[in-house]
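Scope of the values below: all heavy atoms of this structure, side chains included, with no hydrogens, waters or symmetry mates.
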Amino acid sequence: MTNFSRSLVLGCSVLALAACGPEDIASPGTGGNITINNPPAPTPSPTPTPTAPALVTPAAGCPTISDPQGLTNSGTITGPTGEWRICDLPRVVRASSTLPRLPGVLYRLNGRVDVGCDGGFTAPTAGAPFATSTVGCPTATLTSDTAVRLTIEPGVVIYGGTGQSWLAVNRGNSISAVGTATQPIVFTSRDNVQGLETETSQGKWGGVVLMGRAVTTDCTTGSVAAGTCERQTEGAPDPARFGGADDTYNAGRLSFVQIRYSGFVLGSNVELQSLTTEAVGSGTIIDHIQSHNSSDDGAEFFGGKFNMKYYIATGADDDSLDVDTGARVDVQYALLLQRDANGDALFEIDSNGNEADTPRTNLKVANFTAIQRQASVNNDNNDQASALFRGNSDITLVNGLIISPNNECVRMHGTGAAGQRTTLTARSVALQCNATKFIGSGTAGVAFTAGDVAAVFAGNNNSDAFTNTLTGLFINGANETALVATDPKTISSFFDSTTWAGAVRNSTDTWYAGWTCNSAIADFGTGNSGACTTLPKIV
């Protein structure tokens, strides 16, 4: 437009004496050039070529640890996300050592790995030999004043090289496996490293077992009456004993830990679970634990006395949480998300058939969301309900949700003498079940009826006719928010005071995010771990 105006002005000024007017405009082209400056069309930015994630490359060798035996360099292993150096732990870790997180390094349990030797029922005097019950630990090897601690740094991945691989933390020794919300510690299977696990994979290796000197019942050796009760680890073909008289026993700490694809069957009707605690005491710290696709229980607690916060079980093929043989445990913030169609119960709490033994099994659970979406043949044939409470046990449920629309919700089974059968207390618990809802069973004289179970959930802010409005599978919606909560602090001093029922208050309550892995069972959002079927991005 600027050049066009200047041309008209110039034309009229030159022809002023000729009375320039509209009828006197020269024919097109005679009054000068007319230029219209249109900006050129922008060149489109090229679409960037997606950059594939860099593959992991193996470290040149294995790190040095304090144990003189060292780690064994066993070559490399390759999976869809790269190649790693394999560093085998010794059969028995004989000196306190740290497994550092190093690029391109994976640590392998090539069979059973013991942390220290069994220190026995009570701590022996300084310089005395450790007990001989742990395979590979002769009495001349270690003494009571050489207790071993295995430290695992955040982000480390340890895998079971064989089906019978498992980590045994023996009495008198301890573990410090403390990950972070962005760098969880992962225990997993060889197939997971190689990218061979699927949504239904399970039972590829043993699991993690903590053995302590707290009180237990159902003795393998000794007796409850004499105060000498010890038990043998379930599923262990070789001696792995636990039990004692120290309810403050410290087995170490597990925090921000995933345990995947575990639970290998080691014998008839005996198998390990993702996490097994055995007579550990109140000095032990356990929090932020995810069990994924265990072929047995998500976690099982045998005896002992300790507390736990932030527990997630996804895809357990037996029970999501199993507590027995005199264990006394308080748990807050739990997501129990059972395997579809094949899993057994969400809860199984009992005394292993020894109703006369003391202490009684005692479980308190606050702020939990327990979901069993489909009917299960395994459940119908075994526990028969999404929660089974029986034996010499006392259970308290507070601020919880049991969502099991295709199953019965709660079964109570009475055995033993009248004063020995299970007790159940519920406060602010909402249930969504099939039409049957409750099952009562047991032996003559102490059996429960369905009416007995229904009475537990009458009043006290409970609801046995709940309809869930959960979003993202486990996040509270309108109906959950409307539930009247009970202050858990009135139940246990370990519990936080909360004003809501369920494990996840709302969409901004993301305690589960970042350190967990995702699967078809549950999507915990974006984070460093990604899908359970692959290794974490942090490797």
Side-chain angles (χ1 to χ4, degrees), residues 59 61-73 84-110 112-119 123 130 134 137 141-161 165-188 206-213 249-260 274-278 280-281 283-290 306 308 515 528 536 538-539:
C62 295
T64 299
I65 61 174
S66 298
D67 189 328
Q69 300 173 95
L71 301 167
T72 302
N73 184 341
W84 299 264
R85 178 68 51 195
I86 304 170
C87 299
D88 283 349
L89 274 69
R91 177 73 181 275
V92 179
V93 181
R94 301 187 185 280
S96 295
S97 299
T98 297
L99 302 181
R101 176 188 176 234
L102 295 175
V105 168
L106 296 181
Y107 299 96
R108 182 170 69 174
L109 308 173
N110 195 20
R112 170 176 166 178
V113 171
D114 287 277
V115 177
C117 295
D118 179 21
F130 272 68
T134 302
C137 287
T141 302
L142 291 176
T143 60
S144 63
D145 50 358
T146 57
V148 173
R149 168 166 288 213
L150 178 64
T151 299
I152 304 172
E153 289 188 346
V156 162
V157 175
I158 302 176
Y159 74 93
S165 298
W166 58 290
L167 184 66
V169 181
N170 289 295
R171 291 182 294 190
N173 308 280
S174 62
I175 188 171
S176 177
V178 182
T180 68
T182 57
Q183 292 189 348
I185 293 166
V186 177
F187 292 90
T188 191
V208 177
V209 180
L210 308 184
M211 290 169 270
R213 293 191 179 113
Y249 181 86
N250 182 357
R253 181 176 178 181
L254 293 176
S255 295
F256 294 103
V257 171
Q258 297 175 25
I259 308 174
R260 308 178 181 179
S274 288
L275 174 63
T276 306
T277 69
E278 301 176 330
V280 304
T284 307
I285 299 173
I286 302 178
D287 61 82
H288 295 89
I289 305 295
Q290 181 186 12
F306 69 99
M308 178 172 69
W515 57 275
N528 287 321
I538 56 179
V539 174

- What's the spacing between I185 CD1 and S176 OG if we round to 0.5 Å? 7.5 Å
- Query: Which value, rounded to the nearest 0.5 Å, describes the distance between L275 atom CG and L210 atom CG?
  - Reply: 6.0 Å
- Item | R149 and S96 side chains, donor-acceptor separation under 3.5 Å | no
- Query: Hey, what do you get for CG (L109) to CG (L89), rounding to the nearest 0.5 Å?
  - Reply: 6.0 Å
- Item | Heavy-atom donor-acceptor pair, E153 side chain to T98 backbone, under 3.5 Å | no
- ring pair (Phe, Tyr, Trp, His ring centres under 6.0 Å) with Y159: which residues, sequence neighbours excluded? none
- Task: Mind checking the OG1-CE spacing from T277 to M211? Nearest 0.5 Å is all I need.
- Result: 11.5 Å
- Query: By side chain to side chain contact (heavy atoms under 4.5 Å, CB included), which residues pair with L102, not counting sequence neighbours?
  - Reply: P63, P100, V105
- T284 side chain to Y249 backbone, donor-acceptor under 3.5 Å: yes
- Message: Keeping D114 on the side-chain end and G116 on the backbone end, is there a donor-acceptor pair under 3.5 Å?
- Response: no
- Polar side-chain atom of Q69 near backbone of R91 as donor-acceptor pair, under 3.5 Å: no
- Does the pair D67 and V148 meet the rule for a side chain to side chain contact (heavy atoms under 4.5 Å, CB included), with working shown? CA-CA 10 Å; D67 189 328; V148 173; over 6 Å; no
- Contacts of D88 meeting side chain to side chain contact (heavy atoms under 4.5 Å, CB included) (sequence neighbours excluded), chain-then-number -> T72, S74, I86, R108, N110
- Message: With a 3.5 Å distance limit and no angle check, can you tell me whether R112 reaches the backbone of G206 through a side-chain donor-acceptor pair?
- Response: no
- Message: Quick check for you: to the nearest 0.5 Å, what is the distance between F187 atom CZ and I152 atom CD1?
- Response: 3.5 Å
